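What follows is a single structure, written as structure tokens, with notes after it.
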Amino acid sequence: PPQTPIRAAMHSIQQLRGELTSNSDRPSGILMVYFRNCTVDPSEDIMKRVEQLSQIFSQKFAQAVGQRCEGLGKKRFTLGVQLYYKVMESMLKSEEKRLSVQNFSKLLNNATFHTSLLGCSLEVVLATYVGYSLKNGSSESPETNLCFPWILDVFQLHAFDFYKVIESFIKAEPTLKHDMIEHLWRCEQQIMESIAWKSDSLLFELLKQCREDGPEEQAEPPAT
Amino acid sequence: TQDYHFGLEDHEGISELFDCD
């Protein structure tokens, strides 16, 4: 039957859930091997962090959408965690091939990396459902409160850190549909054009460090 | 619709972006 916008949005939701049915909300055997290969095994920290972020996410979700929707928030979070572990495994496989290393201790013990990756995974899940709400003509739906950059505030993520995972996320998850890739591109644009320039942004610290380190490359001469 | 423009060089990946190379 012809794809109406609502049917297309519902199809996106079914596809997202279908893609993740074979993925558990716990690390796979392959991920556990990567964890064990680390100088410092990050397994416990990763599990603990997912649990903590689950509590925070559910509370904020209920505040934004309605207390009776806390269970819905937990379901969204579970989908996000499934995608998080799936993409993490794919990222590590490609890094292993690219760098010819198997010990990712620094990366896998980097809390900002995990929070950003989980944040991006949840953004994909939320955008899929919000897309349905908007196409369903219920722009008043409380779920539209969850539009980007809501997830940055929930996890108190610096926009610049979230920005860093987007491209690798898109490369690592080939099943992402074009409209979702476009959504993540719009998130990037929003970060680069405004959010990254807020007064408390990491960007200013990085720019200061660059200036202190001195320019590695000579500035281009002005065009004549 | 907009195509995504990949900007990372071949020698850049998530490890470098989080200073974990």
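Predicted, not measured: the structure shown is a model, and the values here were computed from it. Note on naming: letters A, B, ... go to the chains in the order of the sequence lines (proteins, then strands), and numbering restarts at 1 for each one.
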Subject >> Residue pair Asp19(B) / Lys106(A): nearest heavy atoms and the distance that separates them >> reply: O-NZ, 3.6 Å
Original post:
Taking only heavy atoms into account, what residues of residues 85-93 of chain A are found under 4.5 Å from chain B?
Top reply: Met91(A)
Subject >> Contact check, side chains of Lys171(A) and Leu8(B), non-hydrogen atoms, under 4.5 Å >> reply: yes
Original post:
Can you pull the salt bridge (charged side-chain N to carboxylate O under 4.0 Å, His left out) pairs that have at least one residue in residues 24-40 of chain A, sequence neighbours excluded?
Top reply: none
Original post:
Could you name the residues of residues 113-126 of chain A that have a heavy atom within less than 4.5 Å of a heavy atom in chain B?
Top reply: Phe113(A), Ser116(A)
**OP:** Please report the shortest heavy-atom distance between Phe18(B) and Asn110(A), naming the atom on each side.
**Re:** O-ND2, 3.6 Å
**OP:** Using a 4.5 Å cut-off on heavy atoms from C-beta on, say whether the side chain of Val101(A) contacts that of Ser15(B).
**Re:** no
Table please: side-chain donor-acceptor pairs of residues 200-210 of chain A below 3.5 Å, with sequence neighbours left out.
| residue | atom | partner | partner atom | Å |
| --- | --- | --- | --- | --- |
| Ser201(A) | OG | Ala196(A) | O | 2.6 |
| Ser201(A) | OG | Leu203(A) | N | 3.0 |

Original post:
Do Glu16(B) and Leu99(A) touch side chain to side chain, with heavy atoms closer than 4.5 Å?
Top reply: yes
**OP:** Please flag which part of Glu95(A) lies under 4.5 Å from any non-hydrogen atom of chain B: side chain, backbone, both or neither.
**Re:** side chain
**OP:** Evaluate side-chain contact (heavy atoms from CB on, under 4.5 Å) for Ile14(B) paired with Arg98(A), printing each intermediate quantity in order.
**Re:** CA-CA 11 Å; Ile14(B) 198 74; Arg98(A) 186 174 69 88; over 6 Å; no
**OP:** In sequence, state the C-alpha distance, the side-chain angles, and the governing distance for Tyr4(B) and His178(A), and then conclude on side-chain contact (heavy atoms from CB on, under 4.5 Å).
**Re:** CA-CA 9 Å; Tyr4(B) 187 81; His178(A) 194 270; over 6 Å; no
Original post:
How long is the gap from CG on Leu107(A) to CG on Leu17(B), to the nearest 0.5 Å?
Top reply: 10.0 Å
Original post:
Measuring from Glu12(B):CD to Glu167(A):CD, what's the distance to the nearest 0.5 Å?
Top reply: 8.5 Å
